[in-house]
Amino acid sequence: MTNTLIPHPSLAIQLSEKIEYPQQGVLSKVLLKDSCCQYMLLCLAAGTNISEHSSPRNATVHVIEGRGLLTLQRQEIALEPGGFIFMPANAPHALKAEENLAFLLTLSENPQQK
C-alpha cells in the first residue's frame, strides 16, 4: 500500500506523526518525489522479511524507531534508531524487522546511469 502525503515542492512534517504499522508486512508512504529523488516512510510490522533484491538507484536508510537487521552485500548491519546507511545502486540487500520498524528511505538517481 502506498500513500502520497504532500505533492508540494517544499515540505515540513513530523515523521513520528506519520508512522503507522500494518498488522503484517510493509506500509510505504511516499512523502515527496521529484525529478531526482523519492523520499518514503516505510513501516514494517515485527517479523516482516524482505527478501534479497537490488535497485538501480542509490538509497539511504535513516532508522526512526524499532529494530531490525539489514543484510547489505552479505554484511549484516543492525538497524536501530538514529542509524544511517548508504546503499549504492545495484547492491544486493535484504531486511528483517525484529520488532516494529520505521525508517526514511531515500532513492536518488545513480549518476553513472545518466
Side-chain angles (χ1 to χ4, degrees):
M1 174 188 219
T2 301
N3 298 324
T4 301
L5 295 178
I6 302 173
H8 302 290
S10 59
L11 173 67
I13 61 172
Q14 181 56 266
L15 290 175
S16 62
E17 295 174 1
K18 301 300 179 189
I19 293 171
E20 58 180 305
Y21 294 103
Q23 297 252 342
Q24 60 183 15
V26 180
L27 175 63
S28 171
K29 296 180 181 183
V30 176
L31 303 173
L32 182 67
K33 185 175 183 178
D34 62 24
S35 61
C36 69
C37 293
Q38 182 170 315
Y39 307 88
M40 297 182 298
L41 176 64
L42 272 71
C43 302
L44 284 70
T48 298
N49 288 300
I50 298 177
S51 60
E52 186 174 84
H53 62 284
S54 63
S55 170
R57 302 175 83 181
N58 291 325
T60 63
V61 170
H62 181 193
V63 181
I64 301 165
E65 67 180 30
R67 300 203 181 283
L69 185 66
L70 174 70
T71 303
L72 175 60
Q73 296 175 312
R74 298 188 196 125
Q75 177 185 0
E76 291 188 346
I77 301 167
L79 297 176
E80 51 192 32
F84 181 83
I85 298 100
F86 171 77
M87 297 186 292
N90 303 310
H93 57 281
L95 189 142
K96 177 176 177 142
E98 296 169 345
E99 53 187 57
N100 283 348
L101 177 66
F103 59 88
L104 180 65
L105 174 68
T106 303
L107 300 173
S108 60
E109 291 298 323
N110 179 0
Q112 296 175 353
Q113 289 188 344
K114 287 190 171 193

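- Between the CG atom of L72 and the CD1 atom of I85 there is a distance of 8.5 Å, given to the nearest 0.5 Å.
- Separation of atoms CE (M40) and OG1 (T106) is listed at 8.5 Å; rounding is to 0.5 Å.
- For Q24, the CD atom sits in a loose shell: 12 or fewer heavy atoms of surrounding residues, nucleotides or ligands are nearer than 6.0 Å.
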field: Intermediate values then yes/no, side chain to side chain contact (heavy atoms under 4.5 Å, CB included), H93 and E52
entry: CA-CA 5 Å; H93 57 281; E52 186 174 84; over 6 Å; no
message: Determine whether L42 and V61 satisfy the following criterion, side chain to side chain contact (heavy atoms under 4.5 Å, CB included), listing intermediate values before the conclusion.
response: CA-CA 10 Å; L42 272 71; V61 170; over 6 Å; no
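- The side-chain heavy atoms of E98 and L69, taken from C-beta on, include a pair separated by under 4.5 Å.
- L70 approaches A94 most closely through the heavy-atom pair CD1-O, 3.2 Å.
- Summarising the geometry of A91 relative to Q73, their closest heavy-atom pair is CB-NE2, 3.6 Å, with the distance given to 0.1 Å.
- Distance check: L107 CG to C37 SG gives 8.5 Å after rounding to the nearest 0.5 Å.
- Scanning both residues, L15 and L41, for their nearest heavy atoms gives O-CD2, 4.3 Å.
- If you chain together hydrophobic residues whose side chains sit under 4.5 Å apart, L104 and F86 never meet in one group.
- Here the CG atom belonging to L95 is positioned 10.5 Å from the CD1 atom belonging to I77, to the nearest 0.5 angstrom.
- Using a distance-only test at 3.5 Å, with no hydrogens or angles considered, a donor-acceptor pair links the side chain of K29 to the main chain of K18.
- The nearest pair of heavy atoms linking N58 to E109 is ND2-O, 3.8 Å.
- Within the 4.5 Å cutoff, the side chain of S108 has no heavy atoms near those of the Q38 side chain.
- Under a 3.5 Å cut-off, the side chain of N100 and the backbone N or O of A45 do not form any donor-acceptor pair.
- Distance check: Y21 OH to T48 OG1 gives 11.0 Å after rounding to the nearest 0.5 Å.
- Between atom NZ of residue K96 and atom OG1 of residue T71 there is a gap of 10.5 Å, rounded to the nearest 0.5 Å.
- Side chain of D34 to main chain of C36: a donor-acceptor pair is present (N/O by atom type, distance under 3.5 Å, no hydrogens or angles).
- Nearest heavy atom pair, residue C43 against residue P22, reads O-CD, 3.6 Å.
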